[in-house]
Amino acid sequence: MLQNINIILVETSHPGNIGSTARAMKVMGLTNLVLVNPKKFPSDESNSLAVGCKDILKNAKVTNKLSNALKSSQINIGFTSRKRKANFPILSIDECTDLILKNKNKKISALFGNEQSGLSNTELLMCNYLVLIPTFRDYKSLNLSAAVQIFAYELFKKSISGSKSVNKLDKLATTKEKNYFFEQFFNLLTKTKFITQKNIKSLTRKIHILFNKARLDSNEINILLGIISSINKKIK
């Protein structure tokens, strides 16, 4: 089993999708389910559609904030049905499963958004990579649990057949560490007026993406925090 992987459902509207997701996970060897602010959970509908996988629901972690769900995660992969304007690193489903299987020592989270709107732009900024599951051009919207099933199946299939050669990533900082860095960095840039009310939305998004691409480890985060602290002291 791939115990280092969390399946994270964000603001799920229909409890049946939670139950169906539990079934999609267990049949492919995934067990860690995290629910962020679900509309209704637990529920009879979830239990009914989970069939013989109620243990996944019983052990599911529930939190009201995505940042809490990602605290210890080192690689965050967001699944989306549409391309975004921002320059996020995008993986094919094949590249995604290769990356995961080459980094079994990392804590990895696969994020799936709300049924109606998917992952928000703010939620996507917490992702290191995005995955677009290819669909027929006339209709691209997959059911939530179906998207999880496709990912889980492709990962399981690759795990028993072997993955292609991809680079193993070095020790990566956790999402909690990165979020603290972003908080301190944005505070500094606001003090120096590099970030203003006029550019805050677009600029912070681009900075998030830039540093997510850098694949920072804990030591690098600490160096950057030291630089920020040094600048703050000079400003004072």
Side-chain angles (χ1 to χ4, degrees), residues 1-10 25 28-36 59-63 65-80 86-113 119-132 148 151-152 154-156 158-159 163-186 204-228:
M1 290 189 191
L2 298 164
Q3 293 295 327
N4 62 317
I5 300 172
N6 286 336
I7 300 296
I8 300 182
L9 305 186
V10 183
M25 289 170 57
M28 296 298 164
L30 296 171
T31 59
N32 303 324
L33 176 62
V34 182
L35 306 174
V36 178
N59 295 320
K61 296 178 181 178
V62 182
T63 179
K65 290 184 179 180
L66 179 57
S67 57
N68 292 337
L70 296 174
K71 273 183 182 180
S72 61
S73 183
Q74 295 167 291
I75 302 174
N76 303 327
I77 303 170
F79 284 74
T80 179
N87 190 26
F88 290 100
I90 295 177
L91 301 176
S92 68
I93 190 73
D94 218 30
E95 291 169 332
C96 170
T97 53
D98 280 335
L99 178 72
I100 290 172
L101 293 173
K102 286 292 184 179
N103 291 278
K104 292 181 180 180
N105 62 327
K106 304 290 190 304
K107 294 182 178 179
I108 300 172
S109 296
L111 286 66
F112 297 84
L119 293 170
S120 70
N121 288 332
T122 300
E123 291 157 356
L124 289 174
L125 290 179
M126 296 190 187
C127 298
N128 301 98
Y129 305 96
L130 297 188
V131 173
L132 281 73
V148 176
F151 164 65
E154 291 294 335
L155 183 61
F156 179 73
K158 189 70 66 68
S159 72
S163 61
K164 297 175 184 176
S165 179
V166 297
N167 291 333
K168 185 177 180 181
L169 301 178
D170 295 327
K171 183 179 181 182
L172 299 175
T174 64
T175 300
K176 182 179 181 180
E177 291 171 326
K178 288 189 291 185
N179 284 344
Y180 181 72
F181 159 70
F182 283 128
E183 179 185 343
Q184 299 303 310
F185 191 44
F186 292 150
T204 53
R205 181 176 67 244
K206 290 175 181 176
I207 291 171
H208 266 285
I209 295 171
L210 186 156
F211 279 103
N212 280 338
K213 286 180 179 178
R215 300 174 182 173
L216 298 171
D217 62 30
S218 297
N219 289 332
E220 290 166 337
I221 288 284
N222 287 332
I223 290 170
L224 291 170
L225 288 172
I227 293 170
I228 293 170

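Nothing here was measured: the structure is a model prediction, and the numbers come from that model.
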Side-chain (Thr175) to main-chain (Leu70) donor-acceptor, under 3.5 angstrom = yes

What pair of heavy atoms forms the shortest contact from Asn32 to Gln3, and how long is it?
-> ND2-O, 2.9 Å

Is the backbone N or O of Lys106 less than 3.5 Å from a side-chain atom of Asn4, with the two atoms forming a donor-acceptor pair by type?
-> yes

Any side-chain heavy atom of Gln184 within less than 4.5 Å of one from Leu225?
-> yes

Can you name the side-chain hydrogen bond (donor to acceptor under 3.5 Å, both in side chains) partners of Asn68, sequence neighbours left out?
-> Thr63

Main-chain N/O of Asn219 paired with Asp217 side-chain donor or acceptor, under 3.5 Å = yes

Identify the two heavy atoms, one from Lys178 and one from Gln74, that lie closest to each other, and give their separation to 0.1 Å.
-> NZ-O, 4.3 Å

By ring-ring contact (aromatic ring centres under 6.0 Å, His included), Phe156 pairs with (sequence neighbours left out) none

Applying side-chain hydrogen bond (donor to acceptor under 3.5 Å, both in side chains), name anything that partners Glu220, two or more places apart in sequence or on another chain.
-> none

Once you round to the nearest 0.5 Å, how far does OG of Ser218 lie from CD1 of Ile223?
-> 11.0 Å

Would you please name every residue forming a side-chain hydrogen bond (donor to acceptor under 3.5 Å, both in side chains) with Asn128, sequence neighbours left out?
-> none

Do Leu125 and Phe182 come within less than 4.5 Å of each other through their side chains, counting heavy atoms only?
-> no

Check whether any side-chain heavy atom of Val148 lies under 4.5 Å from a side-chain heavy atom of Phe79, and answer yes or no.
-> no

Do the ring planes of Phe211 and Phe185 sit parallel (below 30°), tilted (30 to 60°) or perpendicular (above 60°)?
-> perpendicular

Partners of Glu177 by salt bridge (Lys or Arg N to Asp or Glu O under 4.0 Å), sequence neighbours excluded?
-> none

Is the count of non-hydrogen atoms from other residues, nucleotides or ligands lying under 6.0 Å from Lys213 atom NZ greater than 12?
-> yes

Mind checking the CG-NZ spacing from Asn6 to Lys61? Nearest 0.5 Å is all I need.
-> 6.5 Å

Side chains of Tyr129 and Asn212 in contact at under 4.5 Å (non-hydrogen atoms) | no

Can you tell me how far the NZ atom of Lys158 sits from the NZ atom of Lys102, to the nearest 0.5 Å?
-> 10.5 Å

Side chain to side chain, Leu119 and Leu130, heavy atoms closer than 4.5 Å = no

Considering only heavy atoms from C-beta outward, does the side chain of Asn103 approach that of Leu172 to under 4.5 Å?
-> no

Tightest non-hydrogen contact, residues Cys127 and Ile77, listed as SG-C, 4.4 Å

From CZ (Phe151) to CD1 (Ile5), nearest 0.5 Å = 5.5 Å

Given the rule in the side chain to side chain contact (heavy atoms under 4.5 Å, CB included) test, do Tyr180 and Ile221 qualify, once you have shown the distances and angles that lead to the verdict?
-> CA-CA 9 Å; Tyr180 181 72; Ile221 288 284; over 6 Å; no

Nearest 0.5 Å, what's the CG-CD1 distance between Asn222 and Ile227?
-> 11.0 Å

For the residue pair His208 and Phe186, is the inter-centroid distance of their aromatic rings smaller than 6.0 Å?
-> yes

Show the numbers, then the answer: is there a side chain to side chain contact (heavy atoms under 4.5 Å, CB included) between Leu2 and Ile108?
-> CA-CA 10 Å; Leu2 298 164; Ile108 300 172; over 6 Å; no

Does Glu123 reach the side chain of Val10, with side-chain heavy atoms less than 4.5 Å apart?
-> yes

Taking the side chain as every heavy atom from C-beta outward, state whether Asn59 and Thr31 have any pair of such atoms under 4.5 Å apart.
-> no

To the nearest 0.5 Å, what is the distance between CG (Asn121) and CZ (Arg205)?
-> 6.5 Å

Partners passing side-chain hydrogen bond (donor to acceptor under 3.5 Å, both in side chains) against Ser73 (at least two apart in sequence or in another chain) = Asn76, Ser109

